[in-house]
Structures are given as C-alpha cells and as structure tokens.
Amino acid sequence: MADLLTHVLVPFVLLTPLRWRLDWLSKRWIVLAMAGAAIPDLVKIDLVLDNGVIQTTLGVPFSYDPISTLGGVLVIAGAIALCFGEARRRVYGYLVFGGLASLVLDGLRVFVDGQANFWLYPFVWRRPPTPSLYVSSDPRGLAVTLAVSALVFLLDRYRDTWSEKYARSGI
Amino acid sequence: MNALTRALLIVLAVGLVFGMGVHYESQYDDRWPYPDSDSIATEYESHVGEQVFLFGTVQSVDRDSATAQLEIAHTTGTFEMTAQRFDADVREGGVVQVLGTLEPNHVVVTQAVAVVNPAGSSKLYKHGVSLVGALLVTVLVFKHWRIDRETLAFEARYDG
C-alpha cells in the first residue's frame, strides 16, 4: 500500500478546493477524512502482533488483511464514529470517504500479474485489475503528493487571509 | 446514545472485524489463483509445474547467471527459492513479486518480476514516512477535536 503520509494527504488535496465553494465543508471535517484515510493502514498492526501468533494462540485461521478492504473500512469507520458525541453520521461519511480514497489509491499499485488484492472484500470476492502505476517505496509518488498538497495549502492560506481582509475592510 | 451503549457497539464492531479476519483467511486459499506460501512450504512437490506468485526478500543476485536467491515467508517460518531468468534491478534485502513456474529443487523460472522495495532500506523509508503521516493526522485531529471528559466522546473544539 501507499505510505500513510500519502494516504492522509490525498483527502486534503481532494476536499480543500471544495471547501472554497462549500461553506459547510470546514477544516475539521476534512481532518476527519484524513483520519479515515489512515484506516486501511491499521493493517500494519501485524508489525506489533503477527497474525501467525493469533492463529497459533487461538487455533483459528486469521488474517489482518480485511482491515485494508471495503468491509474493514466500513466497520472500523463505524467504530470510530461511535467515539464522537455528535453528528456521528456525518463523521462516519467523512471517515469512509478517506478510507475509500486510500483503498482506490492502493488498488492502483503494482501487482506483477496485473490484478490487485481483494480490496472489495466482502462484497466482491475477486481481484480487480490494476494499472500497476506505482510501488509504495518509490519516493516520486510522495514527492508529487507533497508538491500538490503544498500548493493547495498555500492557496488555502491565501484564500483565508484574503477573506479576513475583505471582511475587515467591510467592502 | 450513552457511553455504555457506544462501548458495546464498538466491541461488536471489533468482533466483526475479527470475524472477517477469520472468514477471509479460511476462504483465501480457494480465492487466490496460485498456491500460497504455506502450501508451497509443506507440499512443494505437488505444486511443481504450476504457476506461482511469490513475494520474496532478495538474499543475493547473480547477474551473470540471471538468478536470485529469495527468502519466502509463510505463516510459521521461511524457505528459500532460486529464481531463474531474474533480470530485476534490486539489491540484497529488497522485496520482489515473482510470477513464474515452479520447478523441482526449490527453483522458480521467472515469467515476470516486479520490484516492491529496491533495497532493505526501502522498508525503513516507508515506515519513517508513515510515522510522519500518523503524527500529522493525530495533531490535526486534536487541533480540531477534543475529548469531552463527561461524555467520553470527541467534540468539536469550535463551531464551524
């Protein structure tokens, strides 16, 4: 999968320009989409607790892979949304948006046989085709994401500053 | 919805994710179109002649003979394979995907190879960058949201 920094920056790049047009899309919601983008990365829990340990301890087949699938994102986003005291459906929507953005991005990475992993599980039990656009260790992908994010960030700051001046001048 | 109900639903969701983990792994071998590494490790001879898809860590590369020694991980350990017709630009410690045909004596004749990590240091790079991403999103979430001690839930820090 793409690195976590790329994952969380993609919803920022996608949603921030929309915020310039939509008053109700404030920064705190974009931040939740960025948090949702990190959900598939929870699969890296295997660095702390290997799935083989769970299999041998509990005596059942087990894989962390569903965390990085459509089903995993929908369920984990639900669990996180329950940690919020208000507007849980809206929170859930932004978390799922971010998670889906990461899954789609990961679905474009290299597989030598041209088919991605089972990221549509459990709704579709087959491997969608992948254009094999990148490998996650290639720093060029992150460089492009960082450059676009910096541009969006600067435009956003410029717009906020301009809006404040405009409001103060009373024009 | 009170805190207890929310906590119970969260436990239910965690249980559902665990259930998916069990279901996924129990179905995986039937859905994955190639023999998996566990099966190759334990029943190697029965897969000779079959097409395989291997994820391997490169132990060494011999460019003159176009071969590479790969370490393949499975659930309970690792085994070694020799990849023939191996032409990828990768260093020791790198990770590759190999599509090929399984031959006797732990040899795979490569049809196609993709470099996932060109060197062992690539993994360190990915983990480092991911750590930066985790810190960034954590800081941003707590900049805009706070944990209310009375309701034990995240609340917005301000209207907007």
Side-chain angles (χ1 to χ4, degrees), chain A residues 3-9 26-32 34-35 37-38 41 44 47 51-52 54-56 58 60-67 69 71-72 75-76 78-80 82-88 91 109-113 115 118 121-122 125-127 132 135-139 142, chain B residues 1 6-7 9-10 12-14 16-18 20-28 31-34 53 75-76 95-99 111-119 122-123 125-127 129-134 136-138 140-141 143-145 148 151-158 160:
Chain A
D3 61 80
L4 179 53
L5 184 55
T6 301
H7 275 167
V8 301
L9 288 175
S26 60
K27 286 181 182 176
R28 64 172 155 139
W29 299 113
I30 296 175
V31 162
L32 288 185
M34 294 170 74
D41 289 77
K44 289 172 188 160
L47 295 173
N51 69 327
I54 294 180
Q55 288 193 36
T56 49
L58 300 179
V60 291
F62 180 76
S63 169
Y64 288 117
D65 287 355
I67 292 173
T69 65
V75 175
I76 295 169
I80 297 172
L82 285 165
C83 298
F84 284 73
E86 56 183 304
R88 289 190 199 101
V91 169
R109 74 182 191 277
V110 167
F111 271 82
V112 73
D113 65 348
Q115 289 181 288
F118 299 106
Y121 171 87
W125 242 128
R126 70 177 190 86
R127 303 168 65 209
S132 294
V135 293
S136 53
S137 61
D138 188 347
L142 177 62
Chain B
M1 196 184 296
R6 286 191 289 115
L9 287 172
I10 289 168
L12 191 66
V14 171
L16 192 54
V17 173
F18 180 80
M20 283 197 292
V22 173
H23 176 257
Y24 184 98
E25 184 63 17
S26 64
Q27 297 291 309
Y28 187 84
R31 305 287 178 170
W32 184 249
Y34 311 100
F53 185 132
T75 303
T76 55
V95 175
V96 291
Q97 298 173 3
V98 173
L99 187 68
Q111 294 163 356
V113 58
V115 178
V116 179
N117 295 334
S122 307
K123 197 177 275 186
Y125 159 79
K126 281 198 290 190
H127 291 165
V129 168
S130 291
L131 184 63
V132 172
L136 174 69
V137 80
T138 303
L140 286 174
V141 165
K143 182 183 175 191
H144 293 274
W145 299 86
D148 187 295
T151 61
L152 294 176
F154 280 96
E155 304 284 350
R157 283 195 182 274
Y158 52 84

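The shown structure was predicted, so the numbers you read here are calculated from the model rather than taken from an experiment. A note on names: the letters A, B, ... follow the listed sequences, proteins ahead of strands, and every chain is numbered from 1.
In terms of heavy atoms, A:Lys44 sits closest to B:Ser130 at NZ-OG, 3.6 Å. Of all heavy-atom pairs spanning A:Val110 and B:Ala114, the tightest one is CG1-CB, 3.5 Å. Listed here is the closest heavy atom pair of B:Tyr125 and A:Ser137: CE2-O, 3.7 Å. The minimum heavy-atom distance between A:Val75 and B:Val17, with the atom names listed, is CG1-CG2, 3.7 Å.
No part of B:Val95 comes within reach of chain A, as not one of its non-hydrogen atoms sits under 4.5 angstrom from that chain. Only the backbone of B:Val113 comes within contact range of chain A, with heavy atoms under 4.5 Å apart. Using a 4.5 Å cut-off between heavy atoms, B:Thr151 does not touch chain A at all. In this structure, chain B has a heavy atom under 4.5 Å from the side chain of A:Arg127, while its backbone stays farther away. Heavy atoms of B:Ile10 lying under 4.5 Å from chain A belong to its backbone as well as its side chain. Heavy-atom distances place the side chain of B:Tyr34, and not its backbone, under 4.5 Å from chain A. For B:Phe53, the part lying near chain A is the side chain, with the backbone staying farther off; criterion is any non-hydrogen pair under 4.5 Å. Contacts between A:Ile80 and chain B at a heavy-atom distance below 4.5 Å are absent for every atom of the residue. Neither the backbone nor the side chain of B:Asp148 comes within contact range of chain A; no heavy atom of the residue lies under 4.5 Å from a heavy atom of that chain. Contact of A:Tyr64 with chain B is not made at all, since no heavy-atom distance falls under 4.5 Å. Only the side chain of A:Val8 comes within contact range of chain B, with heavy atoms under 4.5 Å apart. Neither the backbone nor the side chain of A:Arg126 comes within less than 4.5 Å of any heavy atom in chain B. Proximity to chain A (any heavy atom under 4.5 Å) is shown, for B:His23, by both the backbone and the side chain.
In terms of non-hydrogen atom pairs under 4.5 Å with chain B, the most contact-rich of A:Leu82, A:Ile30, A:Asp3 is A:Leu82. Of the listed residues A:Gly71, A:Ala38, A:Ala37, A:Pro122, the one with more heavy-atom pairs under 4.5 angstrom with chain B than any other is A:Gly71. The candidate from B:Arg31, B:Arg6, B:Gln97 with the greatest count of non-hydrogen atom pairs under 4.5 Å with chain A is B:Arg31. No other option in B:Val129, B:Leu99, B:Leu12 has as many heavy-atom pairs under 4.5 Å with chain A as B:Val129. Contact count versus chain B (heavy atoms, under 4.5 Å) is highest, among A:Ile76, A:Asp138, A:Val60, A:Leu142, for A:Leu142. Heavy-atom pairs under 4.5 Å with chain A were tallied for B:Ser122, B:Gly21, B:Gly133, B:Ala153; the largest tally goes to B:Gly21.
Separation of atoms CD (B:Gln27) and CZ (A:Phe118) is listed at 10.5 Å; rounding is to 0.5 Å. The OG1 atom of A:Thr6 sits 11.5 Å away from the NZ atom of B:Lys126 when rounded to the nearest 0.5 Å. Note that the CG atom of B:Leu136 and the CG atom of A:Leu4 stand 9.0 Å from one another [nearest 0.5 Å].
B:Tyr28 and A:Trp125 have their aromatic ring centers separated by at least 6.0 angstrom.
In this structure, the side chains of A:Val91 and B:Phe154 stay at 4.5 Å or more apart for every pair of heavy atoms.
The closest donor-acceptor contact from the side chain of A:Ser63 to the backbone of B:Glu25 lies at 3.5 Å or more, if one exists at all.
The side chain to side chain contact (heavy atoms under 4.5 Å, CB included) test applied to B:His144 returns A:Lys27, A:Arg28, A:Val31, B:Tyr158, not counting sequence neighbours.
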